[in-house]
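Residues: numbered from 1 along the sequence shown. Being a predicted model, the structure only gives us computed values, none of them experimental. Note that these values count all heavy atoms, side chains included, but never hydrogens, waters or copies made by symmetry.
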Amino acid sequence: YGVTGSGKTHTMTGSPGDGGLLPRCLAMIFNSIGPFQAKRFVFKLDDKNGVDVQSEVEALLERQRREALPTPKTPAGKRQPDPEFADMIAVQDHCRAQEVDEDNVYGVFVSYIEIYNNYIYDLLEEAPCDSIKPKWNNCNTPVRNGDFVPPQSKILREDQNHNMYVTGCTEVEVKSTEEAFEVFWRGQKKRRIANTQLNRESSRSHSVFIIKLAQAPLDADGDNVLQEKEQITLSQLSLVDLAGSERTNRTKAEGNRLREAGNINQSLMTLRTCIEVLRENQLYGTNKMVPYRDSKLTHLFKNYFDGEGKVRMIVCVNPKAEDYEESLQVMRFAEMTQEVEVEPSAAELFFQSFPPLPSCELLDINDDQTLPKLIEALEQRHKMRQMLTEEFAKSVLAFKTMLQEFDSSVASKENYIQGKLAEKEKTITGQKTELERLEKKIKTLEYKIEILEKTATIYEEDKRNLQQELESKSQKLQRQASDKRRLEARLQGMVAETSLKWEKECVSAGTGEKRDQGIGDLGIWEELICVRISLGWNSGMNPSAVPVLIPLFLVLFPFQGDVFKTRGGGQAVQFTDIETLKQESPTGRKRRSSPPDPDPAGDAADSEWTDVETRCSVAVEMRAGSALGPGFQHHAQPKRRKP
């Protein structure tokens, strides 16, 4: 851990003549297990972070199949290390573990991944072309190439022991330090690096080199590996080279470099947050959730921080004065991590509680102390085991009792809940029935409302039609009333004129002459009465106005007729018989009411219109073809008086 350019990658790989952390770890492992390694393909890793053991025959067939591939690899014993990194590997025989069980065989598997922009990529995956560093054109965009296949990110999963692992990651079995470092160097060439203002080869991703060590016991003869998966032990060492934290205002990062810097700083911030929460939980006894899942880096190693392993941090500091503030933050973080203790698991605490075993090595036949000490230690362990077994049995019994009580309480609560549920179901069923009834009623009412709406629509239409008809009738009645008023005014004028005329005639003439003249001029009254009757009936006048003139007509001209109702609501008169009054002059006294007319045809025509029956019939019935109508004035030819 450290700022960019502080030497993290150099600490991991080393330099020519001075190997770094990785080659030293590999040398330590292979110096310790070198003579006890199993043959290739005896150990076979599965895809669920586990390991299986194959027999010698299965391992031989697997080796032959691999050697038959088109590109066979040189055996490990004959392979020469790459001159590029050969001087970084300095095998030191004295670097080895002292207590290695010789009754077991071992196998080493390595894998190499990187976490770039919070995505996990396999650096050992074979690709058809350089998937990590594609060619770029002048526009800073990748050149389109049909053979280019972008690398596929890997997924983190949890195995049956709740350990995190990367699915589909390439894991290579190695038999020497040189072979393992060659695999590392092959992946290191694919790692993403870039040139920044602070570092010419700045790592843009977190790299994780994983070393898995499989251990399995031999049989009683010491020749073959036991084919029992439960006897296999699998341990893991992860060497992490973190990308450097940086400030963009100093690195002058833009575009992809700026995005990479943001993701790097975010993952480092998540790591720092996880350490701070762990420290707070341990110091103050809190139980805050550690945000491992906020970053792939912390999610991958959550089991280590939870006590399933050990964590060691190497802090790199750059003595440059320009990096003072960044280095200060790094040192503060390192100081805080020292206060975090990764507590061991329950199994480790259990085994640590047993007394240590004394040395079992017999150097002399007469040694009578080693075996008694060993027997005493084993007896102590046996007694402690019995005590633990009894305590465990008591705990199991108490736990069973508690479980039974819990089951009984759960059963009673279940019965109570079932009763409540039954009541609720009955209530729900009744409510559903009521809802169905109400829904049916609502449908019926909606149907009735629809019918009423249609009926109301029909009535509204009829109402509009009747209103229109009423308006037209009202307008018609108004026109008829106007015509009536005009005709009444006209008739009143005619009556006044005629009355005035008769008054003058009566004043100027004598009594006998006046009578003769009145009888002779009955044509004027005949015409007036007939016109009045015609106008009164045909114009819709009130029939009560007609009898005012009828009595005069009855006095002068007795008639017979029928009165019947008309379609418009009025009354009509149909004359059936009329008596014609005739006048004869006294003997010796001849008067002529009109001058002689030499035209007999004209007399016939005049006689036709002066006939009372004819004129009244035409006026009342308004026969078709008649020129007479409402307001039509027809006066008989006045008779001339003698001078």
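Electrostatic pairing of R66 and E62 counts as a salt bridge here, judged by a charged N lying under 4.0 Å from a carboxylate O. Salt bridge absent: R332 and E335 never bring a charged side-chain N and a carboxylate O closer than 4.0 Å. Comment: R272 engages E276 in a salt bridge, judged by a side-chain N to carboxylate O separation of less than 4.0 angstrom.
Taking all atoms of both residues into account, the shortest heavy-atom contact from V110 to L124 is O-CD1, 4.3 Å. Between E173 and R40, the shortest heavy-atom distance links the atoms O-NH1, 3.2 Å. Contact record, L123 with K190: O-CD, 3.3 Å, taken as the closest heavy-atom pair. Residues I232 and A216 come closest through the heavy atom pair CG1-CB, 4.3 Å. In terms of heavy atoms, L271 sits closest to F333 at CG-CZ, 4.4 Å. Of all non-hydrogen atoms in I264 and S267, the two that sit nearest each other are O-OG, 2.8 Å.
To the nearest 0.5 angstrom, Y165 atom OH is 12.5 Å from I210 atom CD1. To the nearest 0.5 Å, the span separating OG1 on T170 from CG on D122 amounts to 4.0 Å. A distance of 5.5 Å separates CG of L21 from CG of L239, quoted to the nearest 0.5 Å. Atom CG of L278 is separated from atom OG1 of T337 by 11.5 Å, given to the nearest 0.5 angstrom. Rounded to the nearest 0.5 Å, atoms CG (D103) and CG (D219) are 10.5 Å apart. S205 OG to L297 CG: the interatomic distance, rounded to the nearest 0.5 Å, is 11.0 Å.
Ring planes of Y112 and F209: perpendicular class, angle over 60° (limits at 30 and 60°). Aromatic ring orientation, W185 versus F181: parallel (interplanar angle below 30°, classes split at 30° and 60°).
Checking each of Q188, R191, K8 against D241 for a side-chain hydrogen bond (donor to acceptor under 3.5 Å, both in side chains) leaves exactly one that passes, namely R191. The residue from I120, V240, L242 that alone fulfils the side-chain contact (heavy atoms from CB on, under 4.5 Å) condition with V208 is V240.
Counting heavy atoms from C-beta on, the side chains of Q64 and L61 come closer than 4.5 Å. Using a 4.5 Å cut-off on side-chain heavy atoms (C-beta onward), V172 and F109 make no contact. Within the 4.5 Å cutoff, the side chain of S295 has no heavy atoms near those of the Q266 side chain. Contact of the F301 side chain with the S238 side chain is registered, since non-hydrogen atoms from C-beta on lie closer than 4.5 Å. Taking the side chain as every heavy atom from C-beta outward, Y106 and S32 never approach each other to under 4.5 Å.
Counting heavy atoms of neighbouring residues, nucleotides and ligands inside a 6.0 Å radius, atom CZ of R293 does not exceed 12 of them. Under a cut-off of 6.0 angstrom, the local environment of NZ in K373 is sparse, with at most 12 non-hydrogen atoms contributed by other residues, nucleotides or ligands. In the displayed structure, I314 atom CD1 is contacted under 6.0 Å by at most 12 heavy atoms of other residues, nucleotides or ligands. Within a 6.0 Å sphere centred on NZ of K39, other residues, nucleotides and ligands contribute 12 heavy atoms or fewer. In the displayed structure, Q160 atom CD is contacted under 6.0 Å by at most 12 heavy atoms of other residues, nucleotides or ligands. Environment of CD in E102: sparse, with no more than 12 heavy atoms of neighbouring residues, nucleotides or ligands closer than 6.0 Å. Dense packing is recorded around CE of M313, with more than 12 heavy atoms of other residues, nucleotides or ligands lying under 6.0 Å away. M402 CE: more than 12 foreign heavy atoms inside a 6.0 Å radius.
Listed for the K175 side chain is no donor-acceptor partner under 3.5 Å among the backbone atoms of F30. Side-chain atoms of N318 come within 3.5 Å of backbone atoms of G5 as a donor-acceptor pair (strictly under, hydrogens ignored). Without hydrogens or angle criteria, D159 side chain to N161 main chain gives a donor-acceptor distance under 3.5 Å. Under the 3.5 Å distance criterion, the side-chain polar atoms of Q231 are left unmatched by any main-chain donor or acceptor of P217. Proximity of a side-chain donor or acceptor of Q215 to a complementary backbone N or O of N104 within less than 3.5 Å is not detected. Distance alone, capped at 3.5 Å, places no donor-acceptor pair between the D323 side chain and the S327 backbone. For N415 (side chain) and A411 (main-chain N/O), a donor-acceptor pair under 3.5 Å exists by modelled atom type. Under a 3.5 Å cut-off, the side chain of D47 and the backbone N or O of T167 do not form any donor-acceptor pair. No donor-acceptor pair closer than 3.5 Å links the side chain of H299 to the backbone N or O of Y292.
Aromatic ring centroids of Y116 and Y119 lie 6.0 Å or more apart.
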